[in-house]
4 protein chains.
Amino acid sequence: MDKIDRERIIIDEALKVFSQKGYADTRMADIAKAANMSYGLIYHYFENKEKLFDAIVEEWWRGFYDELERLKKSPMQAGDKLVAIIKFILDVYNQKPNQVSIFVTEVSRGFVYHVNSKGKDKFNTLFALCQDIVREGQLQGVLRNDIQANYLTYVFLGAIDTFLSVMVLGNESLTKKREERIIEGIISVFLYGAVAASAVDKKA
Amino acid sequence: MDKIDRERIIIDEALKVFSQKGYADTRMADIAKAANMSYGLIYHYFENKEKLFDAIVEEWWRGFYDELERLKKSPMQAGDKLVAIIKFILDVYNQKPNQVSIFVTEVSRGFVYHVNSKGKDKFNTLFALCQDIVREGQLQGVLRNDIQANYLTYVFLGAIDTFLSVMVLGNESLTKKREERIIEGIISVFLYGAVAASAVDKKA
Amino acid sequence: MDKIDRERIIIDEALKVFSQKGYADTRMADIAKAANMSYGLIYHYFENKEKLFDAIVEEWWRGFYDELERLKKSPMQAGDKLVAIIKFILDVYNQKPNQVSIFVTEVSRGFVYHVNSKGKDKFNTLFALCQDIVREGQLQGVLRNDIQANYLTYVFLGAIDTFLSVMVLGNESLTKKREERIIEGIISVFLYGAVAASAVDKKA
Amino acid sequence: MDKIDRERIIIDEALKVFSQKGYADTRMADIAKAANMSYGLIYHYFENKEKLFDAIVEEWWRGFYDELERLKKSPMQAGDKLVAIIKFILDVYNQKPNQVSIFVTEVSRGFVYHVNSKGKDKFNTLFALCQDIVREGQLQGVLRNDIQANYLTYVFLGAIDTFLSVMVLGNESLTKKREERIIEGIISVFLYGAVAASAVDKKA
DNA sequence: AATGAATGAGACTTCATTCAT
DNA sequence: TATGAATGAAGTCTCATTCAT
């Protein structure tokens, strides 16, 4: 088995264990057992527990960050970009729910990183990228201008995050159809608000 | 110094330390030092680290839960209830940012509770209570009926949660004026959507 | 309540707790609770846990030692003295089973005293006194001379000790009638042996 | 060094320390030092202090129990069986005095086991097995029938136990010749009684 | 590359004892 | 006398990490 394969196995299995037990309650021995190898061997591939965790986060983060950067630069309309973000996250959740789980429970709330600030940085970067897209939408006249971009971003990211939390805590899985409905629902509320049509006298 | 006072001091200092370092990285000795007493003494008042943490969470949770129950039963309009929820949380944040911080970073994402399910239960209870109020709004014709109540709730709670995360991670404090603006902003987006008035052809 | 009374209560209650939980597993707080007072107060009467334990042992030991000394000096026949010893021990057991229990489980096996040698000394003294009486019996021609006094003593003391162990471990209580039968039985085996009359061709 | 060897070393060294200091006063660090290894390593082989102690006791107990069962089933005469029991115990004492010491001071009096009842059970099992053999002797007409089997057993086991206590407390060792004399002595007193031949008017 | 025995810093916790009130 | 809050030494045990094989 070559080096890359081993690393893959370790990362994948560690991901499972971390997302099930949480970082603090995960033992290197648990990971080794899940990966079906001795724990000594893990140290050939990763310097220590934290670096291993970082590798997992980095992998997910890289993909997410790249997507956000790509979207930011793309010529799409801001509204469609926001839809694309949700789509992307739900896709990842579908393929690797554990990865999203870790992001939600450990990274975005920065617990592993209480001391250093890696998690905080990532969260802030994520927030900033979304806010850029939101601001772009405002400039395009697609999104409201009377509200600061950061508030719009709170609502947008928050909706996704909370939705994921519920999914993660409930261990729920996602059918394609359900995914559609969710995107539809969240985006619709975000864009057009929660108020009933009959009750609208918007921003009066 | 009497028993209740000591308990207060311990809880208050533990709250600070927990929220700064996170549960896992907090040492009983740290708390003792912060509270200016021997670590042995903490064990006179709290059975162990977890019970101490629970006491802290419980205190905040009790207040929050009571408020939600009170609101649920009150004759207010659902929209006003949602405003009241945000107001309440921001008030608590203003008075005890650490308490909110712990809730956001440790409890709502359930990391201390990966093993047992105390955190998960609290989160679900919280979600359910909000959803009840949202559903009430739908019945009153105030909130949209074409979207499932849980999606509306994701957006609402998510907005608050993400906002708090940003506040907590940024160690930001809140002026009265800023608080007003935030409530205004989040509620407005939640109720009327992010789309610019000029661009509205809602739910078409 | 005067000093002597308090001491009595502490000793009596400590005796119960020690005999139930054993020395190592007994907390000063347990004793205080049993004695219905604060644990601080115990330290007014006894220097520390070990001294308290010593006081308990000393009390029982004093009575036993005095009895043995008295018997040693008395003009009774050696056989009757041995009967008197058993009688005495069973009487104490009847009145204060816990006291005997402590002696059997903690002192005679010297566990509290593994470090120092108080228990060992007491056990040896006890053994020596019995052996003196046995030797006296040999001189009187009442007990066998062809066996060393210490072997006779092993059998005698051992019978009592094992019997008490069984009583103590089984939490059994003693009726007067049963007591008679036991004395009869043990003494009879000790004096005349376990061999059936029909099978006797003693010391052939 | 392989797994089994290490376990042997730990058990052997722990046995020494336990028998010298007693269970309660034995530190895991003491055992580690005696075994010339880090204390962490002990936990690779034994779950905790109590399990380590149990392993030691179990080893001795297994041998003793098997011997008793073997004797019980053997076609020997009951009297010879009793001799064999004493022989066996003395042999073990000769080879592993510490093992016997632990049994006498810690297990047979059940101090480690004040809470649970492992020690009590073992003691009762031991007693029951001996009593079976004694009863067999009664049925064979070799032992007296006019005394309950349990009383005969008290005397028999007690003699051995007390003798061992004296040996253990005195740290005495055993020559082959002395061993013979002891067996001779104890058995003789047990079988034929302590009374001088000249004074016999047995059971009159 | 691979194993898992070995290490030991350091965490939590207990509880006898002291001491201010 | 009486209380129980307060102390802190000391114990057990965990587990990331190292290292000989």
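Note that the coordinates shown come from a computational prediction; the quantities given were computed from them, not determined experimentally. Chain A is the first sequence line, chain B the second, and so forth, proteins listed ahead of strands; every chain is numbered from 1.
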Give the rounded distance in Å between these two atoms: CD of D:E7 and C1' of E:dA6.
15 Å
Hits for salt bridge (charged side-chain N to carboxylate O under 4.0 Å, His left out) against A:K51, two or more places apart or cross-chain, chain-then-number order -> A:E47
Closest to the A:K49 side chain: F:dA16, F:dA2, F:dC13?
F:dA16
Given atom CG of D:L52 and atom P of F:dC13, what is their separation to the nearest angstrom?
10 Å
Any side-chain N or O of D:R27 less than 4.0 Å from the OP1 or OP2 oxygen of F:dT12?
yes
Whole angstrom is fine here: how far is it from CG in B:N48 over to C1' in E:dA11?
13 Å
For A:E59, all residues meeting side chain to side chain contact (heavy atoms under 4.5 Å, CB included), sequence neighbours excluded
A:R8, A:I11, A:K96, A:Q99
Name all residues meeting the salt bridge (charged side-chain N to carboxylate O under 4.0 Å, His left out) criterion together with C:K49; count only those two or more places apart in sequence or in a different chain, and write none if there are none.
none
Rounded distance (Å) that lies between atom P of E:dT14 and atom CZ of B:F46:
15 Å
With sequence neighbours left out, the residues meeting ring-ring contact (aromatic ring centres under 6.0 Å, His included) with B:W61 are B:Y65
note: D:Y45, atom OH; E:dT7, atom P; distance rounded to Å ~ 10 Å
Salt bridge (Lys or Arg N to Asp or Glu O under 4.0 Å) contacts in which one or both residues fall within residues 28-43 of chain C, not counting sequence neighbours:
C:K21-C:D30
If I take atom CD1 in residue C:I42 and atom P in nucleotide E:dC15, what distance separates them, rounded to the nearest angstrom?
15 Å
With side chains defined as the heavy atoms from C-beta onward, is the minimum distance between B:E13 and B:N36 less than 4.5 Å?
no
Would you mind reading off the distance between B:I4 atom CD1 and F:dA5 atom P, rounded to a whole angstrom?
11 Å
Hey, does the side-chain of D:H44 have a donor or acceptor N/O within less than 3.5 Å of a partner on the base of E:dA6?
yes
When rounded to whole Å, the CZ to C1' distance for the pair B:F53 and E:dC12 reads 17 Å
With a 4.5 Å heavy-atom cut-off, do C:I102 and C:F53 have their side chains touching?
yes
Where the side chain of A:M28 is defined as all heavy atoms beyond and including C-beta, which of F:dA6, E:dA16, F:dA16 is the nearest nucleotide?
F:dA16
Runs of at least three consecutive Watson-Crick or G-U pairs, both distances under 3.5 Å, are what I'm after; which ones involve DNA chain F?
E:2-21 with F:2-21
Sequence neighbours excluded, which residues qualify as side chain to side chain contact (heavy atoms under 4.5 Å, CB included) partners of D:H44?
A:Y39, D:L41
Using a heavy-atom distance cut-off of less than 4.0 Å, which residues of residues 29-41 of chain C contact DNA chain E?
C:Y39
Can you list the residues that meet the salt bridge (charged side-chain N to carboxylate O under 4.0 Å, His left out) rule with D:E7, with sequence neighbours excluded?
none
